[in-house]
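Data first, discussion second: the structure below is written as structure tokens.
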Amino acid sequence: MEGSKTTSIPLLQEESSRCSEGTASRVQTIANIVVSIVGTGVLGLPFAFLTAGWLAGSVATVFAGISVYYCMFLLVSRLMVETLIGISQCGGCVVNLVFIGQNLSSVFRAHNLSFSTYILLLVPIEIGLSWIRSLSSLAHFSIFANVCNVLAMGIVVKEDIQQVLKSEFLFDDRTAITSKFGGLAFAVGMAVFCFEGFGMTLALEASMKDKRSFPKVLAQAFFGIALLYVLFGFFGYMAYGDQTKDIITLNLPRNWWALTVQIGMCLGLIFTFPITVHPLNEIIERRLKKNKWFYNSNKENDSDHGHSTTRIGVLGIYSSRGILVIGLAVLASYVPEFGVFTSLVGSTVCALIAFVFPAIFHLKLLASSLNLWQKALDLFILSCGLLFAVYGTYNTVISV
């Protein structure tokens, strides 16, 4: 049916290709889910709790996690979604590179190198990691990255708890719920960005050996991540109150603990990068595979299994991955402010992909089979997503 053929994307594959056999176990899949979601955004949660209040911040984080989890299963293949996912993953990659560059320049400040120099020095390492084409193979790096992130965050929480115990008060001057709408919107926006790894969902599902257990595995991972986020934001805000910085590591004393946190987070993000960039590679390679020079075609079988990749095709894959890493590194080196860029990505692209488009497609394609409460839920998510995207964009623009 040529007339009904639609553009599809590798992250949101057709049922037949999604049923292809994967090799990743439950543990490997959970590791990839965690490393694709948990990133630099978590370091801004304590400041979000300061802005919105500890109770409002906790509720906003849980709400964002549940909403994103629900909307992950509503996405369908459309060109617009592919474009937005690509932009979102680019934003995530750039944010990670900027964070690494800024922290390395802070740790090794005696060398007087700019953060952009450190970013460019990482390019050969990231190109090598991006050439690993299997998500199940990347699971080993995911586990290492998770260990680095957990240890670094554990040190931050340790410092937070020690700071709280030194204080003679706990809730006395800590706001529970802010009276400013902008503070609530900021907290929701930060929480949405913290869950911005939704572009990896179906790629992770496709890599899993037992695909039927994927919803349960995803739910378990999201529950653990949401709980971690709430505790991290809560203790960070309780520790420093009105003095909480937009990146919590800036509140840490200048000692070897703080340096360990910064280096640990940088190592984690270095090995997170190939996971984050994976959807971009899939999108690009999907386009490359449409060219005749990419395949040696087997005329007896028109499916992908009836083709073998030419040497030019293989060279094209590796070259495109290298060029992509170089492009992202150059873009990251010109980002003026970490916070503004993060807010812009979270308020626009992430909000549209996480809430607006899933709800629209769900209503459009399954309207006849949905009951009243399902339609109402989709409309509620759609409305909130649009309002948040508009307000978040406006708030970011006026703050520049």
Side-chain angles (χ1 to χ4, degrees), residues 9-15 17-39 41-42 60-77 81 84-85 88-89 92 134-143 145-146 149-150 191-232 268 272 274-279 282 346 350-359 361-362 366 374 377-378 381 385:
I9 66 175
L11 300 178
L12 310 169
Q13 297 170 356
E14 298 176 357
E15 190 65 29
S17 66
R18 286 175 60 193
C19 292
S20 59
E21 178 152 358
T23 59
S25 65
R26 290 171 62 93
V27 174
Q28 289 175 322
T29 302
I30 289 178
N32 281 332
I33 291 172
V34 173
V35 81
S36 65
I37 293 176
V38 178
V42 67
T61 301
V62 173
F63 171 77
I66 294 174
S67 300
V68 173
Y69 170 77
Y70 171 74
C71 290
M72 276 183 168
F73 295 99
L74 304 185
L75 285 174
V76 296
S77 55
V81 178
L84 290 176
I85 285 179
S88 171
Q89 295 302 123
S134 170
L135 273 180
S136 57
S137 298
L138 287 172
H140 304 290
F141 296 103
S142 300
I143 294 173
N146 286 333
N149 289 333
V150 168
V192 170
F193 183 81
C194 287
F195 288 99
E196 76 72 46
F198 41 75
M200 291 293 297
T201 308
L202 295 184
L204 290 168
E205 181 196 26
S207 72
M208 193 172 181
K209 188 173 184 179
D210 182 12
K211 294 179 177 58
R212 291 177 296 180
S213 64
F214 182 75
K216 182 178 179 180
V217 170
L218 185 64
Q220 292 172 341
F222 258 71
F223 175 80
I225 293 170
L227 179 61
L228 174 68
Y229 282 174
V230 170
L231 293 176
F232 192 86
T272 298
I275 306 290
T276 309
V277 82
H278 185 82
E282 281 194 330
C350 291
L352 291 174
I353 301 177
F355 305 122
V356 177
F357 281 100
F361 295 149
H362 198 228
L366 301 175
Q374 288 176 316
L377 179 59
D378 284 345
I381 292 175

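FYI, the numbering just counts along the sequence from 1.
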**Request:** Give a yes or no on whether the backbone of Val277 and the side-chain of Gln89 come within a donor-acceptor separation of less than 3.5 Å.
**Result:** no
**Message:** Test of understanding: with side chain to side chain contact (heavy atoms under 4.5 Å, CB included), list the residues that count as partners of Phe63, not counting sequence neighbours.
**Reply:** Ser67, Phe380
**Request:** Rounded to the nearest 0.5 Å, what's the gap from CG on Leu228 to OG1 on Thr61? Could you check?
**Result:** 10.5 Å
**Request:** Considering non-hydrogen atoms only, spot the tightest contact between Gly92 and Thr276 and give its length.
**Result:** C-CG2, 4.2 Å
**Prompt:** Which atoms form the tightest heavy-atom contact between Ala191 and Ala64, and what is the distance?
**Reply:** CB-CB, 3.7 Å
**Request:** Go through the structure and list residues passing side chain to side chain contact (heavy atoms under 4.5 Å, CB included) with Ile66, not counting sequence neighbours.
**Result:** Val62
**Prompt:** Rounded to the nearest 0.5 Å, how far apart are CD of Gln220 and CD1 of Ile225?
**Reply:** 11.5 Å
